Amino acid sequence: MPRTPEAQSFFHAVYSAVQQIPPGKVTSYGHIAKLIGTPQRPRQVGVCLKHLPPSPTQTNSEEHADQQEYASRFNHDTVPWQRVINAKGVISPRSQPSGALNQAAALELEGVTVTTGALGELMVDFAAYGWFPASLPSDVDGGDIDEDFDSQNEDDT
DNA sequence: CGCATGACGTAGA
DNA sequence: ATCTACGCCATGC
């Protein structure tokens with residue numbers, strides 16, 4: 001749990017944004033950062049997911065009340081953390097490959113095809129599964145944003 | 001309180 | 001295309 005109110009707000013924004021990612025789709029840390037209005041801190045997005053509370057079933061009743069409530073809203077089960085990968089389309093290996101493998105498995109369960117690179121890197125094709133709206137779907141009420149979140153994701157070559 | 005680290009991204013070389 | 005340097009800032013020591 002974040003220490004300062006600011007950080008808490010940031011964490012909340014990140015988790016909420018991640019929850020907007022449709023099943024079977026993926027996006028990047030940087031895009032999440034953009035969506036919540038802090039495009040310069042994709043790294044902090046990673047921090048948020050790293051500190052994502054565990055599943056309620058595993059939560060100890062030793063936790064404080066506020067922490068419990070926080071975890072009830074955002075936890076390993078309610079936030080689709082697996083749908084967030086890095087800008088290169090690769091599942092961040094973090095420190096150990098097991099985490100990435102676990103994430104890959106979670107994605108496959110949603111129908112996302114994960115391919116393995118020459119160096120064992122797990123990657124997802126953004127052209128097929130990418131989700132990069134210009135703004136959060138929930139924010140578009142009254143917002144006269146003229147963006148066209150179409151043709152955002154493109155091929156390479 | 002200071003220093004190092006990291007689920008990242010971008011700009012330069 | 002690949003590699004290095006730096007910004008960001010919550011956590012951990």
Side-chain angles (χ1 to χ4, degrees), chain A residues 1-56 58-60 62-64 66-71 73-110 112-136 147 149 151-157:
Chain A
M1 175 145 174
R3 305 172 179 227
T4 71
E6 270 179 29
Q8 192 170 33
S9 171
F10 181 80
F11 273 55
H12 181 106
V14 170
Y15 295 145
S16 296
V18 173
Q19 289 180 322
Q20 307 306 309
I21 307 172
K25 293 288 182 178
V26 296
T27 191
S28 69
Y29 298 94
H31 196 73
I32 291 296
K34 280 185 186 176
L35 289 178
I36 63 179
T38 56
Q40 295 191 220
R41 307 174 229 185
R43 199 158 193 168
Q44 283 16 282
V45 172
V47 172
C48 294
L49 297 182
K50 179 180 181 182
H51 291 275
L52 186 62
S55 304
Q58 301 176 30
T59 313
N60 286 320
E62 309 282 315
E63 317 263 302
H64 285 174
D66 55 321
Q67 193 165 349
Q68 285 249 343
E69 183 170 328
Y70 188 80
R73 285 185 168 66
F74 305 117
N75 62 59
H76 205 278
D77 285 340
T78 65
V79 179
W81 58 276
Q82 70 270 26
R83 296 173 198 154
V84 186
I85 62 182
N86 69 28
K88 297 187 293 286
V90 176
I91 296 176
S92 300
R94 288 107 128 165
S95 301
Q96 52 194 331
S98 56
L101 288 171
N102 182 29
Q103 184 169 359
L107 286 174
E108 297 261 13
L109 284 177
E110 298 186 347
V112 175
T113 298
V114 179
T115 59
T116 304
L119 301 176
E121 45 205 33
L122 301 166
M123 24 189 214
V124 176
D125 183 7
F126 276 146
Y129 306 103
W131 183 79
F132 298 94
S135 65
L136 290 171
E147 86 291 309
F149 47 91
S151 59
Q152 279 277 6
N153 38 15
E154 273 324 306
D155 54 326
D156 36 6
T157 309

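From a predicted model like this one, the values you see are computed outputs, not experimental measurements. Below, chains carry the letters A, B, ... as their sequence lines are ordered, and counting in each starts from 1.
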NZ/NE/NH1/NH2 to OD/OE distance under 4.0 Å, A:Glu121 and A:Lys88: no
Whole-Å P distance, C:dG7 and B:dC3: 16 Å
Listed pairs under 3.5 Å, donor-acceptor, residues 27-48 of chain A side chains, sequence neighbours left out:
unit_1  : atom_1 : unit_2   : atom_2 : d
A:Thr27 : OG1    : A:Trp131 : O      : 2.9
A:Ser28 : OG     : A:His31  : N      : 3.1
A:His31 : NE2    : A:Pro133 : O      : 2.6

Residue pair A:Val114 / A:Gln103, side-chain heavy-atom distance below 4.5 Å: no
Side-chain heavy-atom pair A:Gln19, A:Pro80 within 4.5 angstrom cut-off: yes
For chain A, the stretch of DNA chain B it reaches, first to last nucleotide, under 4.0 Å of its heavy atoms: B:dG6 to B:dG9
Whole-Å distance separating the CD atom of A:Glu121 from the P atom of C:dT2: 10 Å
Considering all heavy atoms, the nearest A:Ile85-A:Val90 contact: CB-O, 3.6 Å
Min side-chain heavy-atom separation A:Val84-A:Ile21 under 4.5 Å: yes
Interatomic distance at C1', C:dC6 relative to B:dA4, whole Å: 16 Å
Side chains of A:Thr116 and A:Leu122 in contact at under 4.5 Å (non-hydrogen atoms): yes
Side-chain heavy-atom pair A:Arg83, A:Tyr129 within 4.5 angstrom cut-off: no
Just the table, please: protein N/O against nucleotides 9-13 of chain C N/O, every pair under 3.5 Å.
unit_1 : atom_1 : unit_2  : atom_2 : d
C:dC9  : OP1    : A:Arg41 : NH1    : 3.3
C:dC9  : O4'    : A:Gln44 : NE2    : 3.3
C:dC9  : O2     : A:Gln44 : OE1    : 3.0

